[in-house]
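Quick caveat: nothing in here was measured; it's all calculated off a predicted structure. Every chain is numbered from 1, with letters handed out A, B, ... down the list of sequences.
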Amino acid sequence: MSALLSGTGLVRNYGATPALRGIDLEVAAGEIVAVTGPSGCGKSTLLHCLAGILRVDGGTVTYRDQDIGLWSEAARSRLRRTEFGVLFQFGQLVPELTAVENVALPLLLAGTGRREARQTALDWLGRLGVAESAEQRPGTMSGGQQQRCATARALVTEPRVLFADEPTGALDVLTGEQVLGQIVRVAREQGTAVVLVTHESSVAAYADREVALRDGVVDPTGLGLAR
Amino acid sequence: MTASTLARLAVAGNRTDMLRTVLTAVSALLATIAMLCAATVLSITGWAGRYAAALLVEPGLRPGVAATLVLVSLPVLALAGQCIRLGAPARDRRLAAIRLAGATPGEAVLIATAETAVASLLGSVAGLVAYLVARAAIGDQRTLPTDVLPPAPVIVLLVVLVPVLAAAVGALLMRRVIVTPLGVVRRVRKRGPRPWPGLLIAAGLALFALPFQEHLKIHIPAPRNAALAVLGGGVLLTMAGVVLGVGWISHTAGRLLRRYGRGPATLLAGQRLITDPWNGSRTMAALLAAVTAGSVALAYRALLATNFRYYDLDNQVMGYSNGEGTGPAADPSFYFNAIRLVMVAVGLSAAVAAAGLLIALVESVVARRRAYASLTAAGVPRRTLSAAILWQTLTPLVPALVLALAAGDALVRLTQTDFDLGHSYRECVSENDPEAHCRTLAELHLPSVLHVPVPWGDLGLLGAGALLAALVAVGAGVLVLRSSTDLEELRVG
Ligand SMILES: Nc1ncnc2c1ncn2[C@@H]1O[C@H](COP(=O)(O)OP(=O)(O)OP(=O)(O)O)[C@@H](O)[C@H]1O
Ligand SMILES: [Mg+2]
């Protein structure tokens with residue numbers, strides 16, 4: 001079976017600082033892969049490159065047998081509102097829009113009608129247990145509610161891949177586990193593959209497989225986080 | 001993206017965004033009214049004795065009145081341009097978040113531009129309504145030309161012009177901005193600005209010199225309007241040159257401050273001037289344009305005064321009195337009143353410009369409040385930060401003001417600097433033997449050539465007034481700095 005998403009020999013520099021120094025990674029459909037490693041090892045950079053947010057300086061990112069590095073910025077943006085979902089630690093919700101508007105945003109950008117987009121968004125907020133926050137703005141919601149709302153937005157388009165960068169990093173342990181449990185459950189229900197960046201072993205335990213990074217390369221010992 | 005989505009995203013915003021939208025709409029409203037009034041004045045045809053104001057009666061003066069009205073709308077438009085940057089950090093965050101949700105770069109630019117376009121369209125439509133209502137309400141057809149209306153296509157054009165211009169400027173500004181899903185990156189030019197705008201000033205001066213320099217043997221065979229257009233173009237080119245030249249002036253001033261300045265204030269100011277040399281062009285544009293226009297008006301007043309003195313002397317030595325002999329078509333006070341009108345417009349523009357400068361200063365302080373607060377936390381006294389703001393405003397402003405005053409005066413001086421009175425005035429009784437019977441009518445203790453003076457005093461006052469307005473704005477900006485350097489700022493998001 002060929003991988004749904006794969007990175008081959010990925011290199012990415014910030015000026016003179018190398019962040020990725022030749023990384024190979026494959027993600028199969030519906031698979032949950034944890035990317036772990038110490039702070040500054042390039043986890044976020046790798047996720048951004050795979051999601052087409054950042055361009056790589058070397059190597060190729062292939063999604064369904066297409067080299068998305070060759071795609072235009074606009075084409076890769078469209079990928080984010082159809083096939084990919086993105087979930088960060090915080091800051092991905094538009095502060096000026098209500099929760100339901102935030103969740104409906106990718107659908108609206110893709111041209112879905114207003115009423116339909118709103119209904120779908122409400123359904124998703126319900127699935128993540130934050131239907132009561134639908135008309136609130138992110139600033140007035142708790143951290144856990146915000147991340148559930150952000151998850152709803154990342155999944156509302158029923159993407160094939162969800163990119164999550166420490167999605168529960170800003171939450172307390174208990175809330176974090178609840179939210180993560182929901183993310184993983186819904187992803188499995190949808191058959192969505194997940195690239196899950198984390199530096200917590202408890203989080204990595206939710207994954208099918210773990211890829212450990214060290215200084216911009218895959219850690220050859222493959223030990224990753226101590227369990 | 002559907003139109004309704006675009007509209008929803010364009011109007012999403014916090015209180016600062018609201019303020020920006022309102023200011024944009026209000027300036028579009030004022031500018032549209034001013035331009036509609038100008039178009040109305042231009043729609044009057046021929047000699048219009050039905051009006052009380054001489055400025056409206058004479059066909060030759062009406063383009064001047066219209067030009068003055070348009071001049072007033074320029075700083076208002078510049079103010080709108082400045083408002084685009086209000087609340088930029090919050091908007092940048094919003095646009096990045098929308099990009100992350102899958103908006104393409106083009107859609108992000110569209111969303112940002114749509115807000116400006118919609119706000120200014122609302123403003124200019126409101127301006128049209130206000131104009132029509134006021135026109136019907138005034139009804140008095142002697143003081144104001146409420147009996148003429150510009151042609152409908154012209155009205156439509158004017159109402160659409162402001163939003164289109166605003167959107168174009170907005171899109172132009174967005175060109176230097178890359179909205180990525182992770183944040184907004186501003187493209188910075190590596191090389192500092194160059195003094196090329198000086199060429200614009202030279203071109204403006206050349207236009208002024210052309211129609212009047214006899215030896216160039218250039219005769220413009222066109223009607224007065226063409227000559228006026230050439231002169232107007234000269235003034236506009238010069239203004240643009242002065243405004244754009246501030247980029248280079250700021251950069252150079254910043255380098256000098258850094259090299260020769262002592263103490264942290266000049267260092268901070270110099271660094272900011274070098275990092276963002278175009279800031280001055282944006283924030284001082286209206287003030288400098290107004291000062292350039294004022295300088296032209298003052299220089300023209302000096303020219304007129306000399307011209308009238310020339311007539312007086314000429315008539316005096318020729319023995320004419322009581323309005324005989326040569327002279328201007330109307331009473332001199334009429335011309336001076338017209339210039340006073342221009343100066344009032346200049347004053348108004350300068351006031352609007354100072355308000356714009358204030359907004360820009362406050363915006364820049366608020367945008368950098370964390371940096372300021374952490375400097376204070378690190379022990380930099382507030383006095384130093386205030387001094388830095390003062391330095392970074394005044395170091396480019398003073399040379400720019402001098403340039404504006406000099407360029408405006410030079411424009412007028414290119415048309416004429418002396419009036420030749422001739423050498424002697426004699427009356428001869430006999431045609432056949434002029435030498436024997438001629439007697440000297442007047443001893444010329446007068447200079448035989450009248451020089452048009454440079455109105456140093458007036459220009460100085462104008463420059464000082466502009467400087468004072470800028471100082472008031474800086475003072476108010478420093479007050480904002482006070483509350484922005486509270487260490488609390490480091491703790492709130
Ligand atoms: N925008 C940037 N500009 C310059 N250097 C950067 C930038 N982003 C990341 N880096 C550098 O690239 C390297 C990898 O950063 P990255 O954010 O991918 O690490 P990370 O593994 O996600 O760390 P953390 O666990 O702390 O989030 C680091 O050395 C970092 O300093
Ligand atoms: Mg990271």
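- Comparing R153(A), Q92(A), R78(A) by heavy-atom pairs within less than 4.5 Å of chain B, the highest count is held by R153(A).
- Note: R76(A) CZ to T104(B) OG1 = 12.0 Å, rounded to the nearest 0.5 Å.
- Between L361(B) and I389(B), the closest heavy-atom pair is CD2-CG2, 3.9 Å.
- When heavy atoms are compared at a cutoff of 4.5 Å, L109(A) approaches chain B by way of both its backbone and its side chain.
- Checked against the 6.0 Å centroid threshold, F84(A) and Y63(A) count as a close aromatic pair.
- When L79(A), T157(A), V94(A), T112(A) are compared by the number of non-hydrogen pairs under 4.5 Å with chain B, V94(A) comes out ahead.
- For L9(B), the part lying near chain A is the side chain, with the backbone staying farther off; criterion is any non-hydrogen pair under 4.5 Å.
- Donor-acceptor pairing under 3.5 Å is recorded for the side chains of D172(A) and T175(A).
- Of the atoms belonging to T180(B), not a single heavy atom falls under 4.5 Å from chain A.
- A donor-acceptor contact closer than 3.5 angstrom links the side chains of S44(A) and D165(A).
- Among L6(B), L95(B), L182(B), the residue making the largest number of heavy-atom pairs under 4.5 Å with chain A is L182(B).
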